[in-house]
K.L.:
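Provided herewith is a single structure, encoded as structure tokens, for subsequent inquiry.
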Amino acid sequence: MKSITLACASILLCFSLQSQADNTYQTTEDFIASTFNSVAPKANVLWLDSESKKVIEEILAHKFNKMRVRYWQQPQQTVWILEEIGKESPITVGIHVKDSAIVQTKVLVYRESRGDEVRHDFFTDQFKAATLTANYQLDKHIDGITGATLSVRALTKLSRIALYLDQQINSQ
């Protein structure tokens, strides 16, 4: 009887951890609409050439298998919904760029079992006003969070990519 109770408790714990590991904090549509203070503009597509893919892969430090990236644009500003693996699962992040600087970074969906502190304003506010240097780094230091190192790295990489892609849009 005791082993059955322990088995049931283990199963409940697994379901509980799984449900905690896939948290949606805001939908893509709501993020885009709130960013532009209105109905979201129509999505655009940026086709990636070999140089852009090379830069993105350099930032990510792994292969990037997409040929295009969707974005939303109004004059002097873009919104990017990007994903990167934290430890084991993708983190979906919305990044608003205006005048080549980050206005807002928001974790939209967090799928890891730990490290979700990166979703809080105390962390994401560090990205505000960040710009991209000539060697594709952020121009400001981002403090880490103990126990969320890989999630911190994922958000930092995505912020760099959003700024890089925004540069590509503005140079066309």
Side-chain angles (χ1 to χ4, degrees), residues 17-46 48 55-56 59-62 64 66 68-133 136-170:
L17 289 174
Q18 180 58 35
S19 67
Q20 291 174 0
D22 192 359
N23 293 312
T24 300
Y25 300 109
Q26 188 172 24
T27 66
T28 296
E29 296 78 18
D30 288 345
F31 178 76
I32 296 164
S34 69
T35 298
F36 294 120
N37 296 318
S38 64
V39 176
K42 184 180 174 191
N44 296 306
V45 175
L46 175 63
L48 301 173
V55 170
I56 291 170
I59 292 169
L60 291 173
H62 64 76
F64 186 73
K66 296 184 179 182
R68 62 182 184 246
V69 179
R70 199 180 314 187
Y71 67 98
W72 293 260
Q73 183 176 29
Q74 286 189 349
Q76 303 301 335
Q77 57 186 328
T78 56
V79 168
W80 305 88
I81 306 298
L82 303 170
E83 287 188 344
E84 173 61 343
I85 302 290
K87 182 176 182 180
E88 299 170 343
S89 300
I91 303 168
T92 305
V93 180
I95 302 168
H96 176 200
V97 179
K98 183 173 184 179
D99 297 324
S100 301
I102 294 176
V103 175
Q104 182 183 21
T105 300
K106 178 150 183 150
V107 174
L108 304 180
V109 183
Y110 193 83
R111 298 173 184 89
E112 300 281 2
S113 60
R114 50 178 70 104
D116 72 337
E117 296 88 354
V118 296
R119 73 183 168 93
H120 294 291
D121 291 343
F122 78 83
F123 177 74
T124 58
D125 283 351
Q126 296 181 86
F127 292 95
K128 287 183 179 175
T131 60
L132 201 60
T133 66
Y136 309 115
Q137 298 293 323
L138 295 180
D139 69 338
K140 58 193 300 190
H141 174 74
I142 303 299
D143 288 330
I145 300 172
T146 302
T149 302
L150 297 176
S151 297
V152 169
R153 287 182 188 158
L155 266 68
T156 302
K157 290 175 182 181
L158 293 177
S159 296
R160 292 166 58 199
I161 290 169
L163 288 166
Y164 171 74
L165 294 173
D166 181 74
Q167 283 180 352
Q168 301 310 297
I169 296 298
N170 290 326

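This is a predicted model, so every value here is computed, not measured. Note: hydrogens, waters and symmetry copies are ignored here, and every other heavy atom, side chains too, is used.
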K.L.:
Rounded to the nearest 0.5 Å, what separation is found between the CD atom of Gln137 and the CG atom of Asp139?
P.N.:
11.0 Å

K.L.:
Heavy atoms only: give me the nearest Thr105-Ser159 pair and the separation to one decimal.
P.N.:
OG1-OG, 4.0 Å

K.L.:
Looking at Asp143, is its backbone amide N or carbonyl O close enough to the side chain of Gln126 to form a donor-acceptor pair, meaning the two atoms are under 3.5 Å apart?
P.N.:
yes

K.L.:
Measuring from atom CG of Asp121 to atom NZ of Lys106, what distance do you get when rounded to the nearest 0.5 angstrom?
P.N.:
7.0 Å

K.L.:
Do Tyr110 and Tyr25 have their ring centres less than 6.0 Å from each other?
P.N.:
no

K.L.:
In the structure I gave you, are the side-chain heavy atoms of Ile91 and Glu84 within less than 4.5 Å of one another anywhere?
P.N.:
no

K.L.:
Of all heavy-atom pairs between Ala130 and Leu138, which one has the smallest distance, and what is that distance?
P.N.:
CB-CD2, 4.3 Å

K.L.:
Report the distance from atom CG of Leu132 to atom CD of Gln167, rounding to the nearest 0.5 Å.
P.N.:
5.0 Å

K.L.:
Under 4.5 Å between any side-chain heavy atoms of Val103 and Gln77, yes or no?
P.N.:
no

K.L.:
Looking at side-chain heavy atoms only, is the closest gap between Val93 and Leu82 below 4.5 Å?
P.N.:
no

K.L.:
I'd like to check Ile32 versus Pro41 (side-chain heavy atoms, cut-off strictly below 4.5 Å). Are they in contact?
P.N.:
yes

K.L.:
Where does the angle between the aromatic ring planes of Phe127 and Phe123 fall among parallel (under 30°), tilted (30 to 60°) and perpendicular (over 60°)?
P.N.:
perpendicular

K.L.:
Which heavy-atom pair separates Val118 from Ser151 by the least distance, and what is that distance?
P.N.:
CG1-CB, 3.7 Å

K.L.:
Counting heavy atoms not belonging to Lys140, are there more than 12 under 6.0 Å from its NZ?
P.N.:
yes

K.L.:
To check you understand the geometry: which heavy-atom pair defines the closest contact between Ala101 and Thr131, and what is its length?
P.N.:
CB-CG2, 3.7 Å

K.L.:
Using 0.5 Å steps for rounding, measure from the CG atom of Leu165 to the CG atom of Asn170.
P.N.:
11.0 Å

K.L.:
Rounded to the nearest 0.5 Å, how far apart are CG of Leu108 and OG1 of Thr92?
P.N.:
6.5 Å

K.L.:
Locate the shortest heavy-atom distance separating Ile85 from Pro90; write the atom from each residue and the value.
P.N.:
CD1-N, 3.7 Å

K.L.:
Please determine which of Asp166, Thr35, Asn44 meets the side-chain hydrogen bond (donor to acceptor under 3.5 Å, both in side chains) test together with Thr78.
P.N.:
Asp166

K.L.:
Exactly one of Arg70, Lys157, Lys66, Arg111 should register a salt bridge (charged side-chain N to carboxylate O under 4.0 Å, His left out) with Glu83. Which one does?
P.N.:
Arg111

K.L.:
Would you please test Arg119 and Thr124 for side-chain contact (heavy atoms from CB on, under 4.5 Å) and show each step?
P.N.:
CA-CA 7 Å; Arg119 73 183 168 93; Thr124 58; over 6 Å; no

K.L.:
Could you check whether any side-chain heavy atom of Trp80 comes within less than 4.5 Å of a side-chain heavy atom of Leu158, counting everything from C-beta outward?
P.N.:
no

K.L.:
Nearest 0.5 Å please: distance from the CD1 atom of Ile56 over to the OH atom of Tyr164.
P.N.:
6.5 Å

K.L.:
Could you tell me whether a side-chain N or O of Glu112 sits under 3.5 Å from a main-chain N or O of Glu88, the two making a donor and an acceptor?
P.N.:
yes

K.L.:
Quick one: closest heavy-atom pair of Phe31 and Ile81, and the distance?
P.N.:
CD2-CD1, 3.8 Å

